[in-house]
Amino acid sequence: MNYWLMKSEPTTYGIDNLFKLPSRTDHWEGVRNYQARNFMRDNMKLHDQAFFYHSNCEIPGIVGIMEIVRESHPDLTALDLNSQYYDPKSTPENPRWAMVSVRFLEKFKNTISLSLLKTCSELQNMTLLKPGNRLSITPVTEKEWAFILSLKN
DNA sequence: GCCAACGTTGGC
DNA sequence: GCCAACGTTGGC
């Protein structure tokens, strides 16, 4: 099983949006970065788990856990003229953008903040913390995953 | 709101 | 294929 970290801006789509759905399941739509797409398309497998990360907000950090419940399939918002994620270069024959489906597993009582993560020597090689990293989807090692879970309270 | 870092676009 | 211009991300 692989582990991941997936960013979203809570003003656009936060963990509560996912939690409130009856199925607690949704598509991770709108990724428009090739490296992030490739992680979803090529490496994310059924039952992988992912941290839900809130970015560009008051306390950036990890707020909970999701499970991958459907592997890569075309992101049709790229074909939707009315979508903010519309991409004229995507076509039904060649959809270009992909997404996975995720299911809510857990919301942490407290956000595990980016500023806390940065202080942990155990995480000094974590992709999220690499200088200049802006990728919205990054891999998490099993050790990093377990360590971060130990920070929960 | 600022701005550094990075990605993408498109002329040449 | 180079690279300048531009757009986006996201912490602060």
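Naming convention: chains lettered A, B, ... in sequence-line order (proteins, then strands); numbering from 1 in each chain.
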**OP:** Output every pair passing ring pair (Phe, Tyr, Trp, His ring centres under 6.0 Å) with a member in residues 110-141 of chain A, not counting sequence neighbours, ordered by first then second residue.
**Re:** none
For [X] and [N], what is the distance between atoms [atom1] and [atom2] respectively, to the nearest whole Å?
X: A:Tyr53; N: C:dG10; atom1: OH; atom2: P; value: 8 Å
X: A:Leu114; N: C:dG10; atom1: CG; atom2: P; value: 11 Å
X: A:Trp97; N: B:dG7; atom1: CH2; atom2: P; value: 13 Å
X: A:Arg32; N: C:dG10; atom1: CZ; atom2: P; value: 15 Å
X: A:Leu5; N: C:dG10; atom1: CG; atom2: P; value: 10 Å
X: A:Leu129; N: B:dA5; atom1: CG; atom2: P; value: 17 Å
X: A:Asn133; N: B:dG7; atom1: CG; atom2: C1'; value: 13 Å
X: A:Leu135; N: C:dG10; atom1: CG; atom2: C1'; value: 13 Å

Any side-chain N or O of [X] under 4.0 Å from OP1/OP2 of [N]?
X: A:Tyr34; N: B:dC6; answer: no
X: A:Lys118; N: C:dC12; answer: yes
X: A:Lys7; N: C:dG10; answer: yes

Original post:
Taking only residues two or more places apart in sequence or in another chain, which ones pass ring-ring contact (aromatic ring centres under 6.0 Å, His included) with A:Phe19?
Top reply: A:Phe104
Subject >> Under 3.5 Å side-chain donor-acceptor pair for A:Asp80 and A:Tyr85 >> reply: no
**OP:** Scan side-chain atoms only and decide if A:Ser113 and A:Thr111 contain a donor-acceptor pair under the 3.5 Å cut-off.
**Re:** no
Subject >> Residue whose nearest DNA chain B nucleotide is more 5′ - A:Asn56 or A:Lys89 >> reply: A:Asn56
**OP:** Tell whether A:Arg134 reaches the base of C:dT8 with its side chain through a donor-acceptor pair below 3.5 angstrom.
**Re:** yes
